[in-house]
Amino acid sequence: MISEQIRVRFAPSPTGFLHVGGLRTALYNYLFARQNHGVFILRIEDTDRSRYVEGAVENLINTLQWVGLDYDEGPIKGGAYGPYVQSERLEIYRKYAKQLVDEGKAYYCFCTSDRLEQMRTELEQKGEFAKYDRFCLKLSPSEIEQKLKSNLPYVIRMKVPDNTTIKFYDLIRKDVEISSELIDDQVLLKSDGYPTYHLANVVDDHLMKVTHVIRGEEWLPSVPKHILLYQYFNWEVPVLAHLPLLLNPDKSKLSKRQGDVAVEDYRAKGYLREGLINFIALLGWNPGDEREIFTLEELIKEFSLERVGKSGAVFNIDKLNWINLQHIHRKTEKEMLPILKEILSRSKYKDLFFSDDYLEKVIHAMRERINYFAGILEKSPYFFEPPKEYDSVYIAKHWKAETPDWLGKLIEEFSKLNNPKKEDFENALNRTAEALGLGRGKIIHAVRLAVSGMGEGPGLYDILDILGKEEVIKRIQQAIKNIKL
RNA sequence: GGCGCUAUCGUCUAAGGGUUUAGGACACCGCCCUCUCAAGGCGGUAAUACGGGUUCGAAUCCCGUUAGCGCUACCA
């Protein structure tokens, strides 16, 4: 087709939160659409009523918005080919399922789940492929009519031809072929009137004029069913691209238990959307040269399905942390301020007040020492509350019997300061050390311990500057009182 | 079990038969910087799963084995 507009879709089922694997699928679809000036569709696949989760759709849209993947057509926003929620398209699926029945390409099945289960166990015991035995295909037209009339629950199954090999081309997998003998007479319309994925996705992709189907590898084995359906309807098959899976560190399919899998989790920890997107993009794709840090705009320019790999990729949190830090490097304190505030508002410090100016200084001091913003609370709680305890290893190393006396002298010097800045603290400390005939280090470490309770963190004078004279003196006095050798 | 997909450093990956003593990044280790911890700079360890072919030549092509994963639902 000449200059056909590219249309792709991200079609999640609303069963909870957006999974990082889902984000990757959404991202690749988005990049491909934007790069080709195409359309990015969001379609909600909620055809399993038993798995419906309240608020999941809103959450999904919200999360997509947060990472910056805006869709062109979809729920709320609408579009020319809606509705974009499958539960609102039931009549459409019913119509097409009926059409296949009328044309002899599908048939009613009245088998109970008990019978199906029994049939399967028997076949499995014999070591055979547990395929539907086509019991209901043998029903006569009058039998079918009678059963329908008596309101027996039924499903519609597709009739899969025998002895055919289904071949197809996948942009990523290349040529794949599967024998039809291994394909079950798949249920298309369930007894509750909802379609299964297979019917719904084929009908919708065609009706929504989707040109490229980019989705996870778990769908690869069911492609033949879809190809058959396209043939039955006499529709053109979209271009297929099946993405490799995302894996846990132990190479099993990425799941809860082995870390966070919801995009929400990363947002809550204070990862930058730029960092997450950049990292996710590199799981299965690379630009072909040695660049690694990309913005969304750069990804749109560089991305190509041809450079997507075939093998599964482990979600490696260390690499995410590093990439996120690279994006932190590129931001100003002011830009990052809202993220820290958001995290504080959900922390145990939520009722305390900190000025923007104060928080920006904290960000400045900590930005090289964190990988995500919750790290500021984890690594430097002393910016939000006085130390409750003091690191014992650091005490052993840097707190001498004479330390309280030295710090007493230091407090005297600090007290004389008027609205001190970083350099003033530094000069005062130097004077004290000199007067006591000590190396500065002896005092510096003790003061760090006194004000922060820890043995690591930003430069001491930065900490003092941020905390301010009054607080510093108070904390040193507290430490002298509390630290016992 | 059957079918399918996949297989380069621990991890993400480059190398599309000869330019490869297999390159980069994260992680790890060492050194430098330094008031601590980071960041940064410099350096190092580390891989073509195995076995057969094809070819003058294979990480690259073919076959087999093995392993991992996926699918095998009135779930998506």
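Every chain is numbered from 1, with letters handed out A, B, ... down the list of sequences. When reading the values below, keep in mind they use all heavy atoms of this one structure, side chains included, and skip hydrogens, waters and symmetry mates.
Aromatic rings from A:Tyr28 and A:Phe303 are positioned such that their centres are separated by under 6.0 Å.
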Identify the pairs formed between an N or O of the protein and an N or O of nucleotides 12-15 of chain B at a distance under 3.5 Å, and give each distance.
| unit_1 | atom_1 | unit_2 | atom_2 | d |
| --- | --- | --- | --- | --- |
| B:C12 | OP1 | A:Val314 | N | 3.0 |
| B:C12 | O2' | A:Leu282 | O | 3.1 |
| B:U13 | OP1 | A:Gly284 | N | 2.8 |
| B:U13 | O3' | A:Asn286 | ND2 | 2.8 |
| B:A14 | OP1 | A:Asn286 | ND2 | 2.7 |

Check nucleotides 30-34 of chain B for protein N or O atoms closer than 3.5 Å to its own N or O atoms and list the pairs.
none

Can you check nucleotides 59-66 of chain B for protein contacts, nitrogen or oxygen pairs under 3.5 Å, and list what you find?
none

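At a cut-off of 3.5 angstrom, counting only N and O atoms as typed in the model, there is a donor on one side and an acceptor on the other between the side-chain of A:Arg369 and the base of B:C37. Contact annotation: side chain of A:Arg448 to base of B:C35, donor-acceptor pair present below 3.5 Å.
A:Lys190 has a side-chain polar atom (N or O) that falls below the 4.0 Å cut-off from OP1 or OP2 of B:C75. Taking side-chain N and O atoms only, A:Arg51 has no distance below 4.0 Å to OP1 or OP2 of B:A76.
Ranking B:C35, B:C69, B:C37 by closeness to the A:His445 side chain, first place goes to B:C35. Closest to the side chain of A:Thr196, out of B:A76, B:A27, B:C35, is B:A76.
Each side-chain hydrogen bond (donor to acceptor under 3.5 Å, both in side chains) pair with one or both residues in residues 305-317 of chain A, not counting sequence neighbours, appears once here: A:Asn286-A:Arg307. A ring pair (Phe, Tyr, Trp, His ring centres under 6.0 Å) check over residues 182-204 of chain A, counting only residues at least two apart or in different chains, returns the pairs A:Tyr197-A:Trp219, A:Tyr197-A:His226, A:His198-A:His226.
The separation between A:Lys310 atom NZ and B:G16 atom C1' is 11 Å, rounded to whole Å. We find that NZ of A:Lys131 is positioned 14 Å from P of B:C74, with the value rounded to whole Å. Rounding to whole angstrom units, CG of residue A:Leu245 and C1' of B:C5 are separated by 10 Å. We find that CZ of A:Arg173 is positioned 16 Å from P of B:C69, with the value rounded to whole Å.
In this structure, A:Arg367 reaches neither bases nor backbone, as no heavy-atom distance under 4.0 Å exists between it and the strands shown. Across all strands, A:Thr47 comes closer than 4.0 Å only to sugar-phosphate atoms, never to a base (heavy-atom distances).
Residues passing the ring-ring contact (aromatic ring centres under 6.0 Å, His included) test with A:Phe110: none are found, sequence neighbours excluded.
No more than 12 heavy atoms of other residues, nucleotides or ligands sit less than 6.0 Å from atom CZ of A:Phe17.
Nucleotide B:U72 has B:G1 as its partner under the Watson-Crick or G-U criteria, with both atom distances under 3.5 Å. Across all strands shown, B:U19 forms no Watson-Crick or G-U wobble pair with both key distances under 3.5 Å.
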